[in-house]
Each structure stands twice: as structure tokens, then as C-alpha cells.
Amino acid sequence: QKEVEQNSGPLSVPEGAIASLNCTYSDRGSQSFFWYRQYSGKSPELIMFIYSNGDKEDGRFTAQLNKASQYVSLLIRDSQPSDSATYLCAVGWRGGTSYGKLTFGQGTILTVHP
Amino acid sequence: ETGVTQTPRHLVMGMTNKKSLKCEQHLGHNAMYWYKQSAKKPLELMFVYSLEERVENNSVPSRFSPECPNSSHLFLHLHTLQPEDSALYLCASSQDGGGRAETQYFGPGTRLLVL
């Protein structure tokens with residue numbers, strides 16, 4: 001059973017602060033890692049993906065991957081109220097020869113207060 | 001239309017009804033997925049279609065019946081559902097090349113209520 005664990009929160013940070021979201025996964029064979037944002041009543045939208053150990057930056061977002069510790073995180077700098085949402089961590093692995101599969105965590109609720 | 005579209009966006013049905021959910025992807029992808037999202041639970045993968053062939057059925061009750069007539073369209077046929085089937089049903093697609101799992105792009109979802 002491949003598992004992805006996230007703290008459900010809620011995580012509350014003040015506007016302008018750094019929000020740190022964490023995720024652990026059980027399968028050492030996992031090859032791809034994703035962060036999705038989901039606003040209430042909406043569908044998940046991709047924020048970032050990361051494949052290799054280390055950091056990957058995109059604007060205010062930084063994804064960090066440590067395969068040895070089976071840990072992936074998302075940092076949001078200069079947090080804005082519009083960042084308030086549920087953040088889903090997803091871990092990818094091969095489902096078969098022609099397709100992949102994602103296992104999702106439960107999601108962390110982030111609230112950015114003015 | 002761009003991305004992944006789903007219709008209807010909202011659906012209320014009785015336990016004896018038959019209805020279908022439709023998904024269309026405009027991204028040229030080769031894999032499509034149905035997920036169920038219930039409150040307080042992680043996204044649950046229901047079915048996977050790769051190159052129009054169903055390759056996964058994750059122990060989903062037979063009252064859910066998927067259909068993939070071509071690489072752009074995916075349906076979920078519903079019949080004799082139970083109230084616990086009320087949830088957000090999400091369609092997703094990806095372009096997979098046989099290596100690692102690639103990004104999945106989601107449609108807006110169908111909010112289903114079974115009375």
C-alpha cells in the first residue's frame with residue numbers, strides 16, 4: 001500500500017510570511033512528486049512538480065525533495081490571502097508500461113490572514 | 001475549449017436513476033483517469049484508461065461503469081447509486097511516455113448528490 005502523509009492543518013500564517021508545507025511518502029520507488037492547490041469547491045491545479053533531489057524554485061514557490069528521507073516540501077514565500085487553499089501532495093509511480101499513477105495525500109489547509 | 005472539461009458540473013439523482021458523467025480533454029493526452037473526492041478523504045483513483053484501454057479498476061463497485069470511446073472522451077455511467085456515493089468526481093488526463101508518472105491535469109469536477 002503506497003501512502004502519502006500530510007498534516008491536515010489548518011496551518012495559519014500572517015500575510016507576507018513563509019508557509020512551509022510537508023509531505024512524507026512510503027514507496028522508495030516513487031519517481032515524481034507534485035504539489036497541487038485546491039480552492040474550496042474547485043478542482044486541483046498544479047503548482048509544481050519535482051523529480052530530483054534538491055530544491056526547485058518557481059516564483060514565490062520552492063519545492064524541496066529528499067528521497068533518502070522520503071520527504072517533499074513546499075515553501076511559499078511572501079504568502080498572500082489568495083494563497084489560502086488546500087495543498088495536495090501527490091507522489092507518482094509507474095502503474096504499467098504505458099501510464100503512471102498518482103497517490104494523493106489528504107491535503108493541508110493553509111490560511112493566510114491579513 | 002481548452003484543458004479538461006466535465007459535464008454536468010452538478011448532478012442530483014435518486015438511487016434508482018441512471019445518469020452519465022462526461023469528460024473531454026483537449027490536450028492531446030494518452031491517459032485519462034476518474035477520481036472520487038469525498039470530504040475529509042484523499043483523492044481516490046477509480047479507473048485508468050491508457051491508449052483507450054481500461055488498465056485499472058481499483059475495486060470500484062459495478063454501479064460505476066466507465067467508457068472511453070476515443071482518446072479525448074471519457075464517460076462514467078452511474079446506476080443504482082447509494083447516498084455514500086455522493087462526492088466530487090474528477091476527471092484527469094496526462095501524457096505518459098512509459099517512464100515516470102507525469103503531471104495529471106484535472107477537469108472542474110462533477111458535484112454529485114445521491115438522494
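Residue numbers start from 1 in every chain, and the chains themselves are labelled A, B, ... in the order their sequence lines are given, proteins ahead of strands. Because the structure is a prediction, the values reported are computed rather than measured.
In this structure, the portions of A:L102 lying under 4.5 Å from any heavy atom of chain B include both its backbone and its side chain. Contacts of B:Q6 with chain A are absent, with no heavy-atom separation under 4.5 Å from either backbone or side chain. With a 4.5 angstrom heavy-atom cutoff, A:K42 touches chain B only via backbone atoms. If you measure heavy-atom distances from B:Y49 to chain A, you find no contacts under 4.5 Å at all. Looking at B:T103, both its backbone and its side chain come within 4.5 Å of chain A, counting heavy atoms on both sides.
Taking the six-membered ring for Trp and the full ring otherwise, the centers of A:Y36 and B:F106 sit less than 6.0 Å from each other. Ring centroid separation for the pair B:Y35 and A:F104 comes in under the 6.0 Å cut-off.
Smallest separation of non-hydrogen atoms from A:S32 and B:A101: OG-O, 2.8 Å. The heavy-atom pair separating A:K101 from B:E56 by the smallest distance is NZ-OE1, 2.7 Å. Here the shortest heavy-atom pairing between B:R111 and A:G41 reads NH2-CA, 4.4 Å. What you find for A:R94 and B:R100 is that their closest heavy atoms are NH1-O, 2.9 Å. Annotation for B:P42 and A:G105: closest pair CB-O, 3.8 Å, computed over non-hydrogen atoms.
Linking ILVMFWY side-chain heavy atoms closer than 4.5 Å, directly or via other members, places B:F47 and B:F75 in two distinct hydrophobic clusters. The hydrophobic clustering, which links ILVMFWY residues whose side-chain heavy atoms are closer than 4.5 Å, places B:L74 and B:L112 together. Side-chain heavy atoms closer than 4.5 Å link hydrophobic residues (I, L, V, M, F, W, Y) into clusters, and following such links, even through other members, never connects A:L88 to A:V72. Side-chain heavy atoms closer than 4.5 Å link hydrophobic residues (I, L, V, M, F, W, Y) into clusters, and following such links, possibly through other members, connects A:L11 to A:I76. A single hydrophobic cluster is not seen to contain both A:F49 and A:I47; linkage of ILVMFWY side chains at heavy-atom distances under 4.5 Å, directly or through other members, places them apart.
Side-chain atoms of A:Q106 come within 3.5 Å of backbone atoms of B:K40 as a donor-acceptor pair (strictly under, hydrogens ignored). Looking at A:S43, its side chain does come within 3.5 Å of a backbone N or O of B:G107 through a donor-acceptor pair.
For the pair A:P44 and B:L90, the minimum side-chain heavy-atom distance is below 4.5 Å. With contacts defined as side-chain heavy-atom distances shorter than 4.5 Å, the pair A:Q38/B:L88 qualifies.
Of all residues spanning residues 14-25 of chain B, none has a heavy atom less than 4.5 Å away from chain A's heavy atoms.
By the 6.0 Å contact criterion, CG on B:L113 is enclosed, its count of non-hydrogen atoms from other residues, nucleotides or ligands being greater than 12.
For the side chain to side chain contact (heavy atoms under 4.5 Å, CB included) criterion with A:Y99, the lone passing option out of B:L51, B:V48, B:N30 is B:V48.
Between chain A and the residues B:K41, B:E53, B:Q37, B:Q95, the most heavy-atom pairs under 4.5 angstrom are made by B:Q37.
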